[in-house]
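Indexing begins at 1, ligand by ligand and atom by atom, following the structure's order. This is a predicted model, so every value here is computed, not measured.
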Amino acid sequence: MKKVLVLGAGQLARMMELAGTPLNLDVKAFDVRSDKVVQPISPEHEYGDLAQGIINCDVITAEFEHVAHDTLSECEVSNKLYPSSNAIKIGGDRRLEKSLLAACQAANAKHYFVNNKTDFDKAISTLSLPIIFKSALDGYDGKGQWRLKSQADAQDTWQDIEKFLAESKGSVKQGIVAEQMVPFERELSLVGVRRLNGDIAVYPLTENHHTNGILSVSVAAPVNSDLQQQAGTVFKALTDELNYVGVMAIEFFQVDKTLLVNEIAPRVHNSGHWTQQGADTCQFENHLRAICDLPLGSTSLVRPTAMVNIIGEDQVSDEVLAIPSVTMHWYNKGKRAGRKMGHINVSGETELILAQRLVQLSTLLPAATFPDLAEFAQNYLAKQS
Ligand code: AMP
């Protein structure tokens with residue numbers, strides 16, 4: 001039985017344990033808040049500190065990219081860390097991410113690095129409005145971002161950014177990446193996996209919808225093969241460059257027929273949760289296979305599938321389970337506004353059936369918690385007829 005230690009003890013580690021158990025993999029997690037190694041599904045079971053966890057495992061991985069750099073170094077010296085600390089750090093710093101994209105010639109929005117007022121002014125004159133300013137570090141779910149639409153608001157925006165930079169603490173210097181806002185048609189992501197020997201498998205592209213900056217719905221269905229190919233080429237270039245091992249997600253903007261990379265996540269990803277019911281092998285199992293150097297599983301779409309995030313709510317109507325091919329995934333977390341508490345996967349033999357089930361689901365879920373679901377489901381249904 002191989003033993004895996006996950007840095008981070010949230011829902012992604014939990015789902016890795018759920019996927020790893022049938023493979024006879026023992027998955028434990030290092031909870032960075034308590035500094036204890038725990039059982040992801042039953043965190044009350046503790047197994048000592050990080051140093052002990054590193055000794056007791058065969059492989060180390062991470063469920064989030066904002067891992068403290070000294071923790072990453074401590075893991076890396078054991079030669080057990082996959083993906084590498086370099087790859088994990090790139091996912092946590094937009095400046096490094098942009099450099100990687102440039103090295104791989106992966107198309108992305110025009111951008112400019114901002115550290116002071118001169119850079120800020122230069123960004124505005126180099127890029128055209130609207131511009132989105134993003135914190136280089138610690139940005140997720142749309143946090144640490146400022147949108148500048150008109151020159152008249154430039155001074156106020158700079159004051160906010162200047163205050164943010166001045167208050168930023170931490171061992172790595174905070175900065176800002178100013179990015180041209182692109183008029184995208186939709187947001188897509190590609191989840192894929194690479195093994196140390198260079199084997200790669202990618203899932204079908206997933207269409208993503210956000211509410212208040214947080215992913216609300218992802219749908220995986222057969223997609224345009226040209227877009228799939230473009231995404232696959234970017235995935236291969238980035239993961240080969242990093243000699244990457246494990247699952248990586250790449251978020252894209254589709255602008256006309258072109259994909260621009262928005263950001264990368266060096267880990268299993270929320271937009272890949274649908275793979276638990278919609279793919280031959282789910283992303284959690286494939287990540288474990290890759291980091292344990294096992295053959296990768298098929299990433300084929302088994303049936304059109306959507307994932308609906310449950311945000312800030314700790315219960316839904318039991319009637320949801322009466323809809324065919326609906327699966328609940330609760331994370332056993334305390335209720336808090338804006339917190340990802342679980343997700344619902346819905347599948348259909350065809351996209352039409354999936355769309356009908358999503359409409360049915362939306363009627364059972366409270367609009368206050370799922371504000372955009374009903375409209376999304378109706379639009380998706382309309383596209384099928
Ligand atoms: P991010 O944290 O980079 O994923 O940004 C959060 C959200 O802001 C994205 O999901 C997009 O909807 C939007 N966004 C980010 N960057 C851009 C951009 N360059 N152009 C247009 N929209 C963007």
Is a donor from one side chain sitting under 3.5 angstrom from an acceptor on the other, for Thr369 and Glu313?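 Side chains of Thr369 and Glu313: pair found under 3.5 Å.
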Pick out which of Glu179, Glu65, Glu263 makes a salt bridge (Lys or Arg N to Asp or Glu O under 4.0 Å) with Arg94.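 Only one of Glu179, Glu65, Glu263 forms a salt bridge (Lys or Arg N to Asp or Glu O under 4.0 Å) with Arg94, namely Glu263.
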Glu185 vs Lys257, test: salt bridge (Lys or Arg N to Asp or Glu O under 4.0 Å). Steps then yes/no. CA-CA 10 Å; Glu185 276 152 51; Lys257 294 191 170 64; over 6 Å; no
Give the atoms of ligand 1, by number and element, whose distance to some non-hydrogen atom of Phe253 is under 4.0 Å.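 With Phe253 as reference, the close atoms of ligand 1 come out as 11 (C), 14 (N), 15 (C), 16 (N), 17 (C), 18 (C), 19 (N), 23 (C).
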Proximal atoms of ligand 1 relative to Glu187 (non-hydrogen, under 4.0 Å):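 Going through ligand 1 atom by atom, the ones under 4.0 Å from Glu187 are 9 (C), 10 (O), 11 (C), 12 (O).
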N/O to N/O below 3.5 Å, does that happen between Val182 and ligand 1?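 Such a contact does occur with ligand 1.
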Name each donor-acceptor pair under 3.5 Å that joins a side chain in residues 30-41 to protein atoms two or more places apart or in another chain, with its distance.
residue, atom, partner, partner atom, Å
Asp31, OD1, Arg33, N, 2.9
Ser34, OG, Lys36, N, 3.4
Gln39, OE1, Tyr47, OH, 2.8
Gln39, NE2, Glu17, OE2, 2.8

Tabulate below the donor-acceptor pairs under 3.5 Å that side-chain atoms of residues 158-167 make, not counting sequence neighbours, or state none.
residue, atom, partner, partner atom, Å
Lys163, NZ, Glu167, OE2, 3.4

Where's the contact between Ile132 and ligand 1, heavy-atom distance under 4.0 Å: side chain, backbone, both or neither?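 Side chain only; the backbone of Ile132 stays clear of ligand 1.
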May I ask you to identify, for Gln180, whether its side chain, its backbone, both or neither come under 4.0 Å of ligand 1 on a heavy-atom basis?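 It is the backbone that gets close, since no side chain atom is under 4.0 Å.
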Could you tell me whether ligand 1 has any atom less than 4.0 Å away from a heavy atom of His111?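 His111: no contact with ligand 1 (<4.0 Å).
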Shortest reach to atom 7 (C) of ligand 1 by a heavy atom, considering only Glu97, Glu179, Arg147, His210: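 The nearest heavy atom belongs to Arg147.
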Kindly indicate whether the side chain of His273, heavy atoms from C-beta on, has any atom under 4.5 Å from the side chain of Gln283.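 They are in contact (side-chain heavy atoms under 4.5 Å apart), so the answer is yes.
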